[in-house]
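Notes for the one structure printed next.
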Amino acid sequence: MSAFPHVIEAQGDLAAYIGANKGAVDDHLSQAGAVLFRGFDVPDAQAFDAGIASYGETNFTYAKSLSNAVRVNVTERVFTANEAPPETRIHLHHEMAQTPIYPSKLFFYCEIAPGEGGATPLCRSDVVYDRLLADDPALAAAFEERGVRYSNTMPAADDAGSGQGRSWRSTLGVDTREAAEARLKELGYDWEWQEGESLRVTTPVLQAVRILPDGRKTFFNQLVAAFRGWSDTRNEATKAVRFGDGELITADHMAAPIALSEELTYDHAWQAGDVVLVDNFLVMHGRKPFVGKRRVLASLVA
């Protein structure tokens, strides 16, 4: 396996470097799954935005995504990674893999490094799948063949105190219950209205294992994060995920994937100015709790 993440350490303008070396950057990304740019002159969100623009690929907007997280746009391409409180741990996941619509890549940028904690865990999902297949072929086959359905309850208004706090109005891009139901029907979701205008939704059957163009298989899903972290006043994590045929995914099913992902995780300790490019199909990410001020921004690539 390639060094993880691949590190490009240099000085000067990040946008100019990426624009001149995109082919090499993509080669490193394909092999390693994540590329760290360190030492470049990236003082603020605008410089980060310029670096993303120089990459030259289509923007995947937060506004049109089905992300559960509350985020705040800084530029058209750049937004806060998650508005959940500092003490909240965000467990490993592939970005938006709990929805039918997800980005192919992510950029992260550290504007303010945390005083304590706040690492971004990164984990190779192809290695997780290979290990799971070797250790428990029946379980690996169950995830691949049966797929997964996710359930969560969205509030009527954004709740920044929860990692799952984005409202159904914002998530679905609608203003009325009727428009929400029409959008959910279009997406193939089931739904049920709750007290206080909260909305509980269940996805169609989604893949839990993805086959990459080169034939590698990855544990591409939101299972670890959903099972371990989708808990708030509206949601109970242990009831958030089922196999595609309706069987509840339990602690017994999740023990091996959780243990493997923890074993194989690299915790990226941020330095101010760091930029990390992540292949969303190959690498899971998360967020460790932190103390003090931490500002990590993100951008998605379609």
Side-chain angles (χ1 to χ4, degrees), residues 1-22 24-55 69 71-75 77-95 103 105-124 163 261-262 264-280 282-301:
M1 188 173 77
S2 301
F4 180 69
H6 180 84
V7 180
I8 298 173
E9 191 163 7
Q11 296 179 334
D13 183 66
L14 179 64
Y17 180 89
I18 291 177
N21 296 279
K22 184 178 185 300
V25 168
D26 283 342
D27 286 344
H28 294 311
L29 186 66
S30 175
Q31 292 301 311
V35 176
L36 165 63
F37 301 92
R38 174 165 281 174
F40 290 89
D41 183 20
V42 192
D44 52 32
Q46 286 67 37
F48 176 46
D49 186 289
I52 299 161
S54 72
Y55 191 64
R71 295 164 170 169
V72 177
N73 270 89
V74 178
T75 73
R77 270 185 287 258
V78 175
F79 45 83
T80 55
N82 195 304
E83 290 293 295
E87 64 272 15
T88 300
R89 179 178 179 181
I90 299 171
H91 294 277
L92 288 166
H93 61 283
H94 288 276
E95 189 69 18
K105 301 165 191 171
L106 305 85
F107 280 94
F108 290 110
Y109 160 62
C110 180
E111 188 171 36
I112 301 173
E116 180 183 332
T120 291
L122 299 170
C123 181
R124 286 276 297 262
S261 62
E262 291 285 351
L264 296 166
T265 288
Y266 156 78
D267 285 336
H268 181 66
W270 291 104
Q271 295 181 17
D274 280 357
V275 172
V276 176
L277 173 60
V278 176
D279 183 329
N280 191 40
L282 190 57
V283 171
M284 292 186 279
H285 68 278
R287 189 193 77 180
K288 293 289 182 71
F290 61 95
V291 176
K293 193 170 183 180
R294 173 190 188 270
R295 186 168 168 86
V296 173
L297 304 178
S299 184
L300 307 178
V301 176

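Below, all heavy atoms of this structure are taken into account, side chains as well, without hydrogens, waters or symmetry copies.
For F108 and H285, the distance between ring centers is under 6.0 angstrom.
Considering only heavy atoms from C-beta on, V78 stays 4.5 Å or farther from N73 through its side chain. Put simply, the side chain of F107 does not reach to within 4.5 Å of the side chain of L300, judged on heavy atoms. Using a 4.5 Å heavy-atom cutoff, the side chains of T265 and L92 are in contact.
For I8 against Y17, the heavy-atom pair with the smallest separation is CG2-OH, 3.5 Å. Between G286 and T120, the shortest heavy-atom distance links the atoms O-CG2, 3.4 Å. Nearest heavy-atom pair across R77 and A53 is NH2-CB, 3.4 Å.
The pair D279-K105 fails the salt-bridge criterion, with no side-chain N (NZ, NE, NH1 or NH2) lying under 4.0 Å from an Asp/Glu carboxylate O. Electrostatic pairing of E95 and R71 counts as a salt bridge here, judged by a charged N lying under 4.0 Å from a carboxylate O.
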Exercise for the section: Would you sort out whether D49 and Y109 count as a side-chain hydrogen bond (donor to acceptor under 3.5 Å, both in side chains), showing the intermediate values? Expected result: CA-CA 10 Å; D49 186 289; Y109 160 62; over 6 Å; no
Using the side chain to side chain contact (heavy atoms under 4.5 Å, CB included) rule, take V72 and F79 through it: C-alpha gap first, then chi angles, then the decisive distance, then the call.
CA-CA 5 Å; V72 177; F79 45 83; over 6 Å; no
Show your working on side chain to side chain contact (heavy atoms under 4.5 Å, CB included) between M284 and S261 and close with a plain yes or no. CA-CA 9 Å; M284 292 186 279; S261 62; 4.1 Å; yes
Would V275 and L14 count as a side chain to side chain contact (heavy atoms under 4.5 Å, CB included) if you check the C-alpha gap in whole Å, the side-chain angles of each, and the deciding distance to 0.1 Å?
CA-CA 9 Å; V275 172; L14 179 64; 3.7 Å; yes
Carefully, step by step, assess V296 and W270 under the rule side chain to side chain contact (heavy atoms under 4.5 Å, CB included). CA-CA 9 Å; V296 173; W270 291 104; 4.0 Å; yes
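Ring-plane geometry between Y266 and H268 is classed as tilted, the angle between the planes lying from 30 to 60 degrees on a 0 to 90 degree scale.
With sequence neighbours left out, the salt bridge (charged side-chain N to carboxylate O under 4.0 Å, His left out) criterion links D27 to no other residue.
Note: Q31 CD to L282 CG = 9.5 Å, rounded to the nearest 0.5 Å.
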